[in-house]
Amino acid sequence: MASQSVPYLTPDDYLAIEEKAEFKSEYHKGEMFAMSGASWHHNLLTSEILFLLKQQLRGDSCAAVASDMRVRVSTTGLYTYPDVVIVCGKPQLERDTLLNPTLIVEVLSPSTEGYDRGRKFDHYQRIESLAEFVTVAQEHVQVLVHTRQSDGRWLISSATSLEANVELASIGCTIPLGKLYQQVHFDDELS
C-alpha cells in the first residue's frame with residue numbers, strides 16, 4: 001500500500017491558507033497542524049488569566065490578548081497560537097503575526113502538556129523579547145513561571161496552593177491562584 005506524501009508548505013502558503021481558514025492551525029517545517037477545541041476548564045482558566053492581567057495592565061504600555069493572536073518564533077519557523085500573550089511596548093507584527101511577545105501563557109491540556117512544557121518551550125526560549133513563560137495546569141492547582149535571567153538561563157518557580165500569588169516580574173502583575181481557579185471544580189480524585 002503506497003502512502004500519500006504531505007505537500008510541503010512554505011510559510012507564505014500557510015499564512016494564505018490561515019487567512020481563509022475557519023479554524024486555527026499551527027505551522028512548522030512545511031506542515032500545518034490543526035488545533036482542537038479546548039475543555040471547559042481550559043476556557044475558564046484562559047478567560048480568568050486574561051481578565052486578571054488586563055485589569056492590572058490598564059493604562060500601562062503592555063497589552064494582553066487571547067488565543068487568536070498568532071505568534072512566530074522567527075529563528076525556528078514555528079507559528080503558534082498561545083492561550084494568552086502579553087506584549088510590552090510597540091507590537092511588531094507581520095501579516096497579523098506577533099514577533100515580540102514579552103510573556104506567554106499556556107493552559108495545559110492532557111493531550112498537549114508534554115509538548116507545551118517541552119518542545120514548544122524550546123521554541124519559545126529562542127524569542128529574544130520573551131521574558132517569562134507561564135504554564136497553568138487545569139486538572140490540579142499548579143502554575144509554573146519560567147523567567148529568563150540576565151545570563152540567558154531560565155529560572156522556574158512553582159505555585160500549588162490556592163492561597164499563593166504568582167508574581168510576573170516582566171509585566172509587574174500578580175495572579176492570585178484563589179481567583180484564577182475560583183470557578184474550576186476538580187474531581188475528588190484529582191484534587
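Nearest heavy atom pair, residue Pro82 against residue Tyr124, reads CG-OH, 3.5 Å. Nearest approach of Arg95 to Arg70, heavy atoms of both residues: O-NH2, 2.9 Å. Across all their heavy atoms, Gln142 and Leu144 have their closest contact at NE2-CD2, 4.0 Å. What you find for Ala137 and Leu45 is that their closest heavy atoms are O-CD1, 3.6 Å. Scanning all heavy atoms of the two residues, the minimum distance from Asp96 to Met69 falls at O-CE, 3.3 Å.
There is a path of hydrophobic side-chain contacts, each under 4.5 Å, that joins Val184 to Leu180. One hydrophobic cluster holds both Val134 and Leu53 under the rule that ILVMFWY side chains link at heavy-atom gaps under 4.5 Å. Placement of Leu57 and Ile175 within a single hydrophobic cluster is found when ILVMFWY residues are connected by side-chain heavy-atom separations under 4.5 Å, directly or transitively. With hydrophobic clusters built from ILVMFWY side chains whose heavy atoms lie under 4.5 angstrom apart, Tyr181 does not share a cluster with Leu108.
Evaluated for a side-chain contact (heavy atoms from CB on, under 4.5 Å) with Leu98, the options Val65, Val87, Ile104 yield exactly one hit, Val87. For the side-chain contact (heavy atoms from CB on, under 4.5 Å) with Val107, the lone residue among Asn43, Thr46, Val84 that qualifies is Thr46.
For Glu106 and Thr135, the side-chain atoms include no donor-acceptor pair closer than 3.5 Å.
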- Query: How far apart are the C-alpha atoms of Val145 and Glu167, what are their side-chain angles, what is the distance that settles it, and do they pass the side-chain contact (heavy atoms from CB on, under 4.5 Å) test?
  - Reply: CA-CA 9 Å; Val145 179; Glu167 303 295 330; over 6 Å; no

- Which is it for Thr147 and Glu132 under the side chain to side chain donor-acceptor pair (under 3.5 Å) test, yes or no, and what are the steps along the way? CA-CA 5 Å; Thr147 305; Glu132 287 180 299; 3.2 Å; yes

- Using the side-chain contact (heavy atoms from CB on, under 4.5 Å) rule, take Ser158 and Ile156 through it: C-alpha gap first, then chi angles, then the decisive distance, then the call. CA-CA 7 Å; Ser158 174; Ile156 302 171; 5.6 Å; no

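Between Ser109 atom OG and Glu139 atom CD the span is 8.5 Å, to the nearest 0.5 Å. Note: Phe133 CZ to Lys120 NZ = 7.5 Å, rounded to the nearest 0.5 Å. For the atom pair CD of Glu94 and OG of Ser74, the computed distance is 7.0 Å after rounding to the nearest 0.5 Å. Going from atom NE2 of His41 over to atom CD of Gln183 covers 9.5 Å, rounded to the nearest 0.5 Å. The distance from the NE2 atom of His140 to the CD atom of Gln138 is 10.5 Å, given to the nearest 0.5 Å. Here the CD1-SG distance, from Ile86 to Cys173, works out to 7.0 Å after rounding to the nearest 0.5 Å.
Pairs engaging residues 147-180 under the ring-ring contact (aromatic ring centres under 6.0 Å, His included) rule: Phe121-Trp154 [sequence neighbours left out].
Listed for the Asn100 side chain is no donor-acceptor partner under 3.5 Å among the backbone atoms of Ser129. Looking only at distances, no side-chain donor or acceptor of Ser61 sits under 3.5 Å from a matching main-chain atom of Cys88. In this structure, Arg148 contributes its side chain and Leu130 its backbone to a donor-acceptor pair below 3.5 Å. At least one donor-acceptor pair under 3.5 Å links the side chain of Gln56 to the backbone N or O of Thr174.
Using a 4.5 Å heavy-atom threshold, the side chains of Thr102 and Cys62 count as separate.
Atom CG of Asp60 has more than 12 heavy atoms from other residues, nucleotides or ligands within 6.0 Å. More than 12 heavy atoms of other residues, nucleotides or ligands shown are found within 6.0 angstrom of CD on Gln149.
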